[in-house]
Each structure stands twice: as structure tokens, then as C-alpha cells.
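Here is how names work: the chains are called A, B, and so on, in the same order as the sequence lines, proteins then strands, and each is numbered from 1.
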Amino acid sequence: MTVVHPTPIPVQPVRPRPEPPLAMLAELTHRCPLACPYCSNPLELTRREGELTTEQWAEVFRQAADLGVLQLHLSGGEPASRPDLVQIVAAARQAGLYTNLITSGIGLTGRRLDELDAAGLDHVQLSVQGVNAGIADHVGGYKGGFDRKMMVAAEIARIGFPLTINAVMHRHNLGDLAATIALAHQLGARRIEIACVQFQGWALRNRAALQPTREQVEEAKRTVAQARVDYAGRLAIDFVPPDYFADFPKACMNGWGSTGLNIAPDGKVLPCHAAEIIPGLQFQNVLTTPLAEIWNGGPAFNAFRGTDWMPELCQACDRRDIDYGGCRCQAMAIAGDARATDPVCRRSPHRAALDALIAAETSVAPPPFEYRRMPR
Amino acid sequence: MTPADRPFLPRGVRLHHDRVRGVPVLLGPETALILDQVGQAVLGEVDGTRDIATISAALAERYAAPVEMIEADVIEFLDDMAARRLVEAT
């Protein structure tokens with residue numbers, strides 16, 4: 001017979017209990033009528049049969065509130081694709097969470113929004129794919145989507161929900177940035193989040209099609225600076241510049257396992273929405289392990305918590321506690337090593353490769369989109 | 001803001017007692033602000049009906065401080081909140 005020698009278990013350093021999380025993103029479903037090529041969902045989408053039930057979500061919300069979560073973002077996919085969205089919102093409010101709906105608007109009607117209002121929904125974040133039907137329906141891969149969205153926006157304004165417009169910007173729509181900001185104001189938004197596409201999930205697959213040019217990025221910065229003056233006191237403008245063009249990486253998740261967590265449609269608990277691309281991470285499911293246990297000591301959350309995991313370059317860096325080594329998923333995607341310094345960093349040995357990649361992708365016409373689709 | 005403005009919390013912004021951290025917080029879109037003593041005192045008075053002069057007078061009496069000083073603090077705090085669209089005024 002074979003004698004199995006068990007691998008010795010490495011001695012884990014004693015860790016202090018982490019601070020409680022402030023925010024949780026609940027991906028209620030991966031189903032979505034739109035097919036945006038920059039979707040941040042993973043390439044392997046969860047089917048309807050795998051989704052948590054209404055009662056299971058309600059239990060997750062109670063556990064999250066007990067753990068210290070204050071803000072809940074209901075996202076997807078398209079959360080309105082869940083027929084029980086109103087009950088889900090009611091359960092979130094009952095748990096005491098500030099409840100934000102992140103939606104394309106497709107699947108919402110005036111009546112359903114009235115029901116969401118009665119259920120206590122705090123805030124709506126409406127995505128726009130473009131400033132007119134031509135570009136928006138092309139990017140969303142959904143004919144008629146723009147017109148539907150404009151009708152939904154009017155219903156949101158009628159009810160008086162506070163509204164944030166969320167616009168993902170890329171090579172095909174950065175030229176419309178000023179018009180996008182004007183549209184947000186016209187729709188009655190208090191805030192606009194202008195997020196230059198982050199290359200995770202489907203966006204990574206479509207990177208060459210979406211990659212902005214350096215000129216577009218510089219122009220966008222000027223446009224935002226001017227708009228902040230023009231709309232002061234009327235529209236708050238949050239701008240996420242494309243990190244590929246920055247000198248230092250984004251402080252991804254404000255530090256891994258420090259502030260927020262993500263629940264996938266099947267109950268899998270992730271330190272960030274893209275974390276599944278990192279091989280070797282062990283994810284736990286809220287159906288089988290209490291959320292507090294996962295947050296406080298789960299292996300995926302501890303993997304990149306604090307600074308011990310960092311390469312020497314980051315350990316010794318004066319920006320160590322500013323950007324926390326940057327984005328782990330990006331290090332994985334570009335450097336092929338989740339423990340590497342984010343290749344965006346000017347001090348990273350992989351920065352030259354990233355610059356070459358940008359130059360190659362922006363020197364030719366963009367390839368067609370590969371739309372996000374559920375497997376059939 | 002001026003002493004005659006009547007501040008209020010717009011829809012989607014609310015005070016919340018964080019039972020886990022044991023502190024008062026102001027919740028709004030993409031915002032969870034842990035309030036310090038000043039913030040807590042001022043927002044506790046904001047009701048949409050009283051103006052800043054009245055609120056400042058009440059706080060000055062409660063904290064036995066000169067009203068001009070309190071009013072300046074109140075306006076500074078509320079201006080900051082208004083710039084983040086967490087407070088509005090009529």
C-alpha cells in the first residue's frame with residue numbers, strides 16, 4: 001500500500017482581526033439583456049439555476065449588517081432580471097442597509113419603480129452606454145435599449161429617487177464625454193461616475209477594441225476639469241482615469257480585504273469581482289460558511305491582506321500604504337503573477353511591456369466587439 | 001450658505017447609528033461618513049425648517065460658546081456637505 005505523507009501545514013502568522021467591511025456588492029444574477037463588451041463579470045457566467053433564492057439573499061444581508069456593512073450595492077448582470085427584486089430590496093432595508101440599485105434600466109417600469117420606492121430603495125445608479133441610440137445600442141448590443149432607458153430615467157425622476165449616472169468610457173465613446181455629462185445633468189442626476197474601462201472580465205477579452213488612445217485620455221482629463229467648474233454645486237463628477245495611462249496603480253478595493261466584499265450570484269464570496277482569475281485562491285460560499293468567518297479569516301481574503309504578501313519593490317516603496325501594490329487581478333492578467341507589483345506602476349519591471357501593449361492596440365483600427373453572452 | 005438658509009437632508013441621505021462600530025454615520029449615495037462631534041451636533045439640528053442662524057444660536061447655548069464662532073463652524077461644515085450634495089438648503 002501507499003503511505004501518504006501529509007504535507008506539513010505552514011504555520012500561519014497570527015493576524016489581528018480585520019476592520020469590518022463598509023460596503024458589499026451583491027451580484028444578484030449574471031443574466032442581463034445587454035451584452036456590453038466591457039462587462040466586469042467573469043467569462044464563466046452563472047446560470048439562473050445556480051442563483052441564491054430570495055430568502056438566501058435576505059440571510060446574507062442580515063449577516064452583512066451584523067458584520068458592519070453599511071452600504072449595499074445590488075448589481076449583476078441586470079438585477080431587474082430577478083423577478084423578486086422588490087422583495088430583495090425590502091429585505092436589504094429590513095437588515096438596515098443603505099440600498100443602491102445598479103441597473104441598465106432594462107426590466108424596470110414606472111410601476112416596478114413605485115414598488116421599489118415603497119420597499120425603501122435609497123438610490124439608483126443608472127448606466128448609460130452612449131448619448132444616443134446609435135452608439136448606446138451598438139455598445140450594449142441591444143436594440144431599443146437607449147429609448148427604454150430614457151423612459152426609465154423619466155420614471156426615476158418622477159418618483160424622485162436620487163440618481164447617479166454611471167458611464168463606462170472607452171475608445172468608442174470618449175469623444176462624447178462632454179455630451180455624456182450634459183445628459184446626466186439633463187436626466188436629473190446628482191452625480192455622474194465616469195469610469196474609464198477597467199480591463200477585467202469581458203473587458204479584458206475586448207481590450208484591443210476598447211483601449212483609448214493617449215490623446216483621448218488627455219482630452220478627457222481637460223473635459224472633466226472644465227465640467228467640474230461648469231456644473232459646480234449641481235452635478236458631482238467622479239472620474240476614474242484609465243490606470244494603464246497613469247504612473248502609479250489604483251489602490252484597488254482600497255486595499256484587499258480592507259473595505260469591501262463581493263457576493264457572486266451563487267453565493268461565492270470574493271474579495272473583488274474579478275478575483276476568480278487568480279489561480280489557487282480558495283473561495284468560500286456564504287451558503288456553507290458564515291460571512292463573518294469568511295471576512296475575518298477566509299483564505300482568499302487573507303491572501304493579499306496587509307503588506308506581508310508584497311514583493312520587495314512594494315514593501316520598500318514610499319507608496320506602499322497609498323496604493324497597496326495596486327490591482328492583484330491586473331498583475332495576474334499582465335505579469336502572469338498575482339503577487340507581482342501592478343504593471344501599471346512606473347517602478348514595475350513589467351511597465352515597458354504594458355506601454356508596448358498600449359502602443360500596439362492603439363496604433364491600429366479596433367477589432368469588432370466580442371459581446372458578453374451566456375453560454376447556451 | 002448664509003445664516004438665513006434652511007438646510008435639510010435631501011432624499012437618499014440619512015443619519016444612521018452604526019451599531020457595530022458604535023458611532024453615528026451619515027449615509028448617502030456612495031458615502032458613509034463617520035461623524036465627528038461637530039458633524040453630529042450640526043446634523044442633529046438640521047430639520048429643513050430652522051435656518052442656520054437659529055441652529056447656531058441653539059448650539060451656542062448648548063455648548064456655551066460665542067454664537068459668531070459656532071455660526072462660522074456650522075456654515076463651514078454645511079458648505080462642505082453641500083459641495084458633496086449631502087445637504088441642501090432652501
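- Within the 4.5 angstrom heavy-atom criterion, only side-chain atoms of B:Glu88, from C-beta onward, approach chain A.
- Comparing A:Asp238, A:Leu121, A:Thr164, A:Ile159 by how many heavy-atom pairs each has under 4.5 Å with chain B, the most go to A:Ile159.
- Across all non-hydrogen atoms, the minimal contact from A:Pro20 to B:Val20 is CG-CG1, 4.2 Å.
- For A:Asp66, the parts sitting under 4.5 Å from any heavy atom of chain B are the backbone and the side chain alike.
- Within the 4.5 Å cutoff, side-chain heavy atoms of A:Phe161 are placed close to those of B:Arg11.
- At a threshold of 4.5 Å between non-hydrogen side-chain atoms, the residues A:Asp122 and B:Arg14 count as touching.
- Residue A:Ala65 touches chain B through both its backbone and its side chain, counting heavy-atom pairs closer than 4.5 Å.
- For a residue to count as touching a neighbouring chain, one of its non-hydrogen atoms must lie under 4.5 Å from one of that chain's; by this rule B:Arg19 touches chain A with the side chain only.
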- Message: One pair to check against side-chain contact (heavy atoms from CB on, under 4.5 Å): A:Gln71 and B:Glu30. What are the steps and the verdict?
- Response: CA-CA 8 Å; A:Gln71 293 257 350; B:Glu30 303 289 324; 5.7 Å; no
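- Residues that satisfy the salt bridge (charged side-chain N to carboxylate O under 4.0 Å, His left out) test with B:Glu45, not counting sequence neighbours, are B:Arg50, B:Arg62.
- One N or O on the side chain of A:Tyr98 and one on the backbone of B:Gly12 form a donor-acceptor pair closer than 3.5 Å.
- Partners of B:Ser56 by side-chain hydrogen bond (donor to acceptor under 3.5 Å, both in side chains), not counting sequence neighbours: none found.
- Proximity to chain B (any heavy atom under 4.5 Å) is restricted, for A:Leu97, to the backbone atoms N, CA, C and O.
- Using a 4.5 Å cut-off on side-chain heavy atoms (C-beta onward), B:Arg85 and A:Arg191 make no contact.
- Within 6.0 Å of CZ in A:Arg111 there are 12 or fewer heavy atoms belonging to other residues, nucleotides or ligands.
- At a 4.5 Å heavy-atom cutoff, A:Glu19 makes no contact with chain B through either its backbone or its side chain.
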- Dump the intermediate steps for side-chain contact (heavy atoms from CB on, under 4.5 Å) on B:Arg21 and A:Leu70, then the final yes or no. CA-CA 11 Å; B:Arg21 298 170 188 81; A:Leu70 296 172; 4.0 Å; yes
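- Proximity to chain A is absent for every atom of B:Ala82, based on heavy atoms less than 4.5 angstrom apart.
- Of the inter-residue distances, the one linking B:Leu27 atom CG with A:His123 atom NE2 reads 12.5 Å to the nearest 0.5 angstrom.
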